[in-house]
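The structure appears right after this line, and notes come after that.
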Amino acid sequence: MIRVLVAKPGLDGHDRGAKVIARALRDAGMEVVYTGLHQTPEQIVDAALQEDVDVLALSILSGAHPTLVPRIMELVRSNHMDDMLVLLGGIIPDDDVESMEQAGVARVFGPGTDTQDIVQYIRERVSEHE
Amino acid sequence: MNEVDGLVSRILEREKRAIARGLTWVERDSEDGKALVRALFPLAGKAHIVGITGAPGVGKSTLVNSLTLELRRRGARVGILAVDPSSPFSGGAILGDRIRMQESVMDDGVFMRSLASRGHLGGLSRATFGAVTLMDAAGFDVILIETVGAGQSEVEIMQLAHSTMVVLAPGLGDDIQAIKAGILEIGQIFVVNKADRDGADHTARAIRGMLTLGMQHLDWFPPIVKTVAEHGEGLGELIGSLEKHREYLSQSGELALIRDGQTAHVIQLAMEDWVDREFRRVKAGAGWDALRQQVASGARDAAEVALEMLRSLTEGDNNGS
Ligand SMILES: Nc1nc2c(ncn2[C@@H]2O[C@H](COP(=O)(O)OP(=O)(O)O)[C@@H](O)[C@H]2O)c(=O)[nH]1
Ligand SMILES: [Mg+2]
């Protein structure tokens, strides 16, 4: 059973996109922990730790990813959770993809990504791990 | 030290990551997960296990959050398990109870885990029993289990709890729903949440009316507590009722009986697991086809064959390990 935490760090005003992803993953047979809006990096990593998820899927629309994502990845490493797959979606300019991947994000999914691509990507990567 | 022993000692040191990983093993019901529960069981038995059930939307998660904050203020360490249904179509689930628990779960004295019901018969209550045992051994003083209380497995989970609270809210026609679901019988404490809304007194009276219908003879008459979970109101009284119920269980000897029952359960599970495993081995082995045919043709009785298998297995065990 693949377990995923769908999390929304920062101050985004709505979570429609995150909910669409959560439902798509559920419909693909995954267990999705959803924690709602306005999560701090500390809350997100702590939830991922307690829930022992295979995948952390972050959704950020606000443009705050250059500060939020490195902080989240720092907490992931200091908690020795490097085996967790971290994905990023929302509104991430093409120019930022490389720096996000350097920070430790496995894959950035831009707006308009087919949810089935995310499902397939997770399936491939998580079965590699287990 | 093998992997299970290693995890046991880290869990006893209350290492969060070890608790989380242990819960994953327990949920998967792997051999390691089973061994872990057996190893931790003797170290458990101190926590107060509290079930919280009721229809979706009555405020159970919000109540768990404010109850946890109040228990923390009083110095108790709190473990939380929240069970949500798996989709019967995909097998997946959305586990959203954490949304309402954000205030309480960041504290190091709190550990919260979301569980999906995963649909298999008896599997949920088994996983929950393992999860409760693990949290209990890890030193959590109170373990709160939230379920929607609809299916058979959820009722089984509530039987795991020392004290079960049934949560209702005014204006949802819940009084009627409660009887239908047979939920009245499993509650030792009734909570009318959303008492800030009209109709809370009416709901409380309706519950009292139904309870008096055949419970006067009981030693424990369920109290009815009004709360506003969203603002933390009524929590002192609720914790008072929980403590009184725990005291009642202890005085009446029921608490010891529950532990006895759980011990029997652990032994039974171990036996079933052992038989399961050995049977799979016999089926994969040489003489199986011949045995199967003898039973199919009526040459030998199935029970006689089974007994012979069990005997040879126990002999094998004495010689071997
Ligand atoms: N008015 C009012 N609303 C509440 C109270 N407690 C919870 N709620 C709201 O009820 C809704 C459902 O709460 P939740 O805890 O998720 O219910 P659950 O499905 O039983 O776990 C949420 O919108 C809460 O904010 C309360 O005491 N008063
Ligand atoms: Mg809930």
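Proteins come first, then strands; the chains are lettered A, B, ... in the order of their sequence lines, and each starts at number 1.
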_Counting heavy-atom pairs closer than 4.5 Å to chain A, which one of Arg21(B), Arg100(B), Met101(B) comes out on top?_
Arg21(B)

*Should we say atom CZ of Arg74(B) is surrounded by more than 12 heavy atoms from elsewhere, each under 6.0 Å from it?*
yes

*Verdict with supporting geometry, Arg28(B) and Met1(A), side chain to side chain contact (heavy atoms under 4.5 Å, CB included)*: CA-CA 8 Å; Arg28(B) 282 190 192 144; Met1(A) 182 60 71; over 6 Å; no

*Begin with the C-alpha distance, continue with both residues' side-chain angles, and end with the deciding distance and a verdict on side chain to side chain contact (heavy atoms under 4.5 Å, CB included) for Leu95(B) and Tyr34(A).*
CA-CA 6 Å; Leu95(B) 311 170; Tyr34(A) 183 61; over 6 Å; no

*Are Ile94(B) and Lys19(A) close enough that some pair of their side-chain heavy atoms sits under 4.5 Å apart?*
no

*asked:* Given heavy-atom pairs under 4.5 angstrom as the criterion, report whether the side chain, backbone, both or neither of Ser114(B) touches chain A.
replied: both

_Spatial distance of atom CE (Met112(B)) from atom CG (Asp46(A)) [nearest 0.5 Å]_ = 12.0 Å

*Mark yes when over 12 heavy atoms from residues, nucleotides or ligands other than Glu98(A) sit less than 6.0 Å from its CD; otherwise mark no.*
no

*Contact origin within Phe111(B) toward chain A - heavy atom pairs under 4.5 Å*: both

*Hey, could you give me the CD/OG distance between Glu31(A) and Ser117(B), rounded to the nearest 0.5 Å?*
8.5 Å

*Near Glu101(A) CD, under 6.0 Å, is it more than 12 heavy atoms from other residues, nucleotides or ligands?*
yes

*Report, as yes or no, whether the 6.0 Å neighbourhood of atom NE2 on His14(A) holds more than 12 heavy atoms from other residues, nucleotides or ligands.*
yes

*Give the minimum heavy-atom separation between Ile99(B) and Thr35(A), together with the two atoms involved.*
CG1-C, 3.6 Å

*Are more than 12 heavy atoms from other residues, nucleotides or ligands located less than 6.0 Å from atom CG of Leu12(B)?*
yes

*Region of Arg23(A) that comes under 4.5 Å of a non-hydrogen atom in chain B*: both

*Distance in Å, Leu23(B) CG paired with Asp52(A) CG, rounded so as to fall on 0.5 Å steps*: 8.5 Å

*Assess whether atom CG of Asp94(A) is packed by more than 12 heavy atoms of other residues, nucleotides or ligands within 6.0 Å.*
no

_Most chain A-contacting option - heavy-atom pairs closer than 4.5 Å, from Ile19(B), Leu115(B), Val105(B), Asp84(B)_ = Val105(B)

*Take Met106(B) and Glu42(A), measure what side chain to side chain contact (heavy atoms under 4.5 Å, CB included) needs, and give me the verdict at the end.*
CA-CA 8 Å; Met106(B) 271 296 282; Glu42(A) 287 75 11; 3.7 Å; yes

*asked:* What I want to check is whether the side chains of Ser90(B) and Asp27(A) have a donor and an acceptor closer together than 3.5 Å.
replied: no

_Test item: Lys16(B) and Gln50(A) side chains (from C-beta on) under 4.5 Å apart, heavy atoms_ = yes

_salt_bridge(Asp83(A), Arg17(B)) N-O dist < 4.0 Å_ = yes

*Side-chain contact, heavy-atom cut-off 4.5 Å: Glu51(A) with Arg98(B)?*
yes

